[in-house]
**Q** 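Before we start, here is the structure in question, set down as structure tokens.
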Amino acid sequence: MATLSVLASPAYFSKQQAIHHYKYEAPFPVHQHHQQQLISCKNRGKEMAEKSHQEGHPTKAFGWAARDQSGVLSPFNFSRRATGEKDVAFKVLFCGICHSDLHMIKNEWGISTYPVVPGHEIVGQVTEVGSKVEKFKVGDKVGVGYMIGSCHSCDSCHDDLENYCPEVILTSGGKYHDGTTTYGGFSDIMVADEHYAVRIPENLPLDSGAPLLCAGITVYSPLRFYGLDKPGMHVGVVGLGGLGHVAVKFAKAMGVKVTVISTSLKKKEEALEHLGAHSFLVSRDPDQMQAAAGTMDGIIDTVSAVHPLFPLIGLLKTQGKLVLVGAPVKPLELPVFPLIMGRKIVGGSSIGGMKEAQEMIDFAAGNNITADVEVIPMDYVNTAFERLAKADVRYRFVIDVGNTLKI
């Protein structure tokens with residue numbers, strides 16, 4: 001029997017939602033002639049892709065790409081579309097490395113189309129604008145995050161929630177309106193519809209500001225939407241990594257009391273002394289968890305590994321909210337009884353719409369919020385991914401594309 005992978009297509013689900021896939025045994029055999037047809041189609045598609053990335057668009061571009069599931073990146077020549085009437089073209093200066101980039105280059109979610117040019121935390125300087133562009137001019141600093149397109153006609157788009165559009169187009173590894181594959185920010189230039197670009201304030205550093213385009217909006221949006229942004233509230237942050245450390249900074253700037261929740265004491269000093277969290281809680285310590293039971297208005301859970309939810313739900317006050325922004329590959333067990341007895345909510349959130357993304361960037365600039373980053377040259381990127389897989393980064397790698405990408 002053939003083993004198939006059922007996956008929610010990125011055409012229907014954005015970042016966090018698209019990655020849950022489950023294995024099952026097919027109820028029918030896959031015949032040999034079907035296998036041959038699939039292999040033939042795959043080979044033809046690969047040949048067409050190899051041709052199209054060079055000839056599909058008129059503007060020559062250069063970056064680094066993964067060619068297969070090894071995830072190893074190497075120099076890559078391709079092309080970008082010409083600058084349309086609503087487009088901005090820009091020179092890429094910095095690009096952050098997100099954990100989802102690691103999943104994409106290795107096809108761990110089963111949705112990657114090679115070659116993959118990763119990168120969706122992109123900042124740069126505008127070099128050309130289309131004739132109908134209103135938001136930007138040449139020389140402006142600009143940022144592009146996880147999406148570069150949507151349908152503009154669905155309810156989500158009308159509500160400024162393009163990230164939940166059924167036809168959302170990912171910045172890297174998506175399919176654009178013309179059918180071509182999208183290539184991300186590990187490259188010298190980008191072209192994007194101005195609607196999907198944000199203006200970067202002059203006082204926001206470009207290197208440490210780049211990760212906000214993904215990590216920042218991923219935690220900012222649920223804090224706002226779930227009403228966990230009121231001064232005096234008590235909010236827990238589970239996990240102190242790329243998402244978690246930024247969540248602490250945003251919540252503090254909103255006037256919220258922040259408790260970092262971790263499995264060990266290893267990050268206590270970092271949380272309290274460096275990030276300024278108000279308290280630290282070891283989730284594997286029953287006494288600490290019991291003492292903190294029923295004290296939190298909400299929790300932002302950034303952990304993408306499988307972990308128990310029951311202890312976290314116990315920390316919530318009546319009507320408290322546990323919001324998941326990490327995306328474990330395997331399903332989590334959800335205990336219903338404690339939700340019923342406390343009218344508690346378990347919810348989720350995935351990045352944010354473009355209006356909210358601009359709001360987030362402006363809020364960050366106004367409150368001196370940036371990510372803690374390690375800036376690296378482009379030729380270090382494979383080592384960076386190896387380290388990222390081991391959680392050996394504090395807290396985000398950012399590539400100095402403008403100064404180190406060599407043709």
**Q** Assess the residue pair Thr181 and Lys175 against the criterion (side chain to side chain donor-acceptor pair (under 3.5 Å)); give the C-alpha distance rounded to whole Å, side-chain angles, the decisive distance to 0.1 Å, and a yes or no.
**A** CA-CA 5 Å; Thr181 299; Lys175 290 293 180 184; 2.8 Å; yes
**Q** Has the side chain of Arg396 got a donor or acceptor atom that lies under 3.5 Å from a matching backbone atom of Gly96?
**A**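 No; judged by distance alone, with no hydrogens or angles, the pair does not exist.
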**Q** Hey, is Arg81 close enough to Asp87 for a salt bridge, meaning N to O under 4.0 Å?
**A**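 Asp87 and Arg81: salt-bridged.
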**Q** Out of the candidates Tyr114, Phe76, Tyr176, only one should pair with Tyr183 under the ring-ring contact (aromatic ring centres under 6.0 Å, His included) rule; please name it.
**A**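 Only one option passes, and that is Phe76.
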**Q** Looking only at non-hydrogen atoms, find the nearest pair between Ser74 and Arg67 and report the distance.
**A** OG-NH1, 2.6 Å
**Q** Check the pair Ile217, Asn163 against side-chain contact (heavy atoms from CB on, under 4.5 Å), reporting the backbone distance first and the verdict last.
**A** CA-CA 11 Å; Ile217 189 62; Asn163 50 312; over 6 Å; no
**Q** Looking only at the side chains, is there a donor atom on one of Thr318 and Lys344 sitting less than 3.5 Å from an acceptor on the other?
**A**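 There is no such pair (donor and acceptor under 3.5 Å, judged by atom type) between the side chains of Thr318 and Lys344.
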**Q** For the backbone of Ile105 and the side chain of Ser112, can you confirm whether one donor and one acceptor N or O come within less than 3.5 Å of each other?
**A** no
**Q** Regarding Tyr395 and Glu270, is there a side-chain donor-to-acceptor distance under 3.5 Å anywhere?
**A** yes
**Q** Keeping the roles fixed (side chain from His278, backbone from Thr259), state whether a donor-acceptor pair exists under 3.5 Å.
**A**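 Checked: no pair found.
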**Q** Do Ser150 and Tyr196 have side-chain N/O donor and acceptor atoms under 3.5 Å apart?
**A** yes
**Q** Assign the ring pair Phe363 / Tyr220 to parallel, tilted or perpendicular, where the plane angle (0 to 90°) is split at 30° and 60°.
**A**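 Plane angle between 30° and 60°, so tilted.
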**Q** May I have all residue pairs that pass salt bridge (Lys or Arg N to Asp or Glu O under 4.0 Å) and include part of residues 246-257, sequence neighbours excluded?
**A**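 The answer is Lys249-Asp372.
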**Q** Using every non-hydrogen atom in the two residues, find where Ser187 and Leu405 come nearest and quote the distance to one decimal.
**A** C-CD2, 3.6 Å
**Q** If you compare all heavy atoms of Thr218 against all heavy atoms of Val325, which two are closest, and at what distance to 0.1 Å?
**A** O-CG1, 3.7 Å
**Q** Would you call Asp229 and Arg224 a salt bridge, using N to O less than 4.0 angstrom?
**A**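 Between Arg224 and Asp229 there is a salt bridge, with a charged N closer than 4.0 Å to a carboxylate O.
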**Q** Using modelled atom types and a 3.5 Å cut-off, is there a donor and acceptor pairing between side-chain atoms of Asp140 and backbone atoms of Arg199?
**A**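 Such a contact is absent between Asp140 side chain and Arg199 backbone.
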**Q** Check whether any side-chain N or O of His120 sits under 3.5 Å from a backbone N or O of Thr171 as a donor-acceptor pair, and report yes or no.
**A**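 A pair under 3.5 Å: no.
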**Q** Treating Arg387 as the side-chain partner and Asp392 as the backbone partner, does any N or O pair qualify as donor plus acceptor under 3.5 Å?
**A** yes
**Q** Name the one of Lys355, His152, Glu162 that satisfies side-chain hydrogen bond (donor to acceptor under 3.5 Å, both in side chains) with His195?
**A**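 The residue from Lys355, His152, Glu162 that satisfies side-chain hydrogen bond (donor to acceptor under 3.5 Å, both in side chains) with His195 turns out to be Glu162.
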**Q** Does Thr127 reach the main-chain N or O of Ala89 with its side chain, forming a donor-acceptor pair under 3.5 Å?
**A** yes
**Q** If we ignore angles and hydrogens, is there a donor and acceptor under 3.5 Å between the side chains of Glu386 and Asn382?
**A** no
**Q** Just to verify, which of Leu324, Ile313, Leu309, Leu316 counts as forming a side-chain contact (heavy atoms from CB on, under 4.5 Å) with Ile299?
**A**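 Of the listed residues Leu324, Ile313, Leu309, Leu316, the side-chain contact (heavy atoms from CB on, under 4.5 Å) partner of Ile299 is Leu316.
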**Q** Taking Ser79 for the side chain and Pro58 for the main chain, is one N or O donor matched with an acceptor at less than 3.5 Å?
**A** no
**Q** Under the 3.5 angstrom rule, does the side chain of Thr302 hit a backbone N or O of Val238 as a donor-acceptor pair?
**A** yes
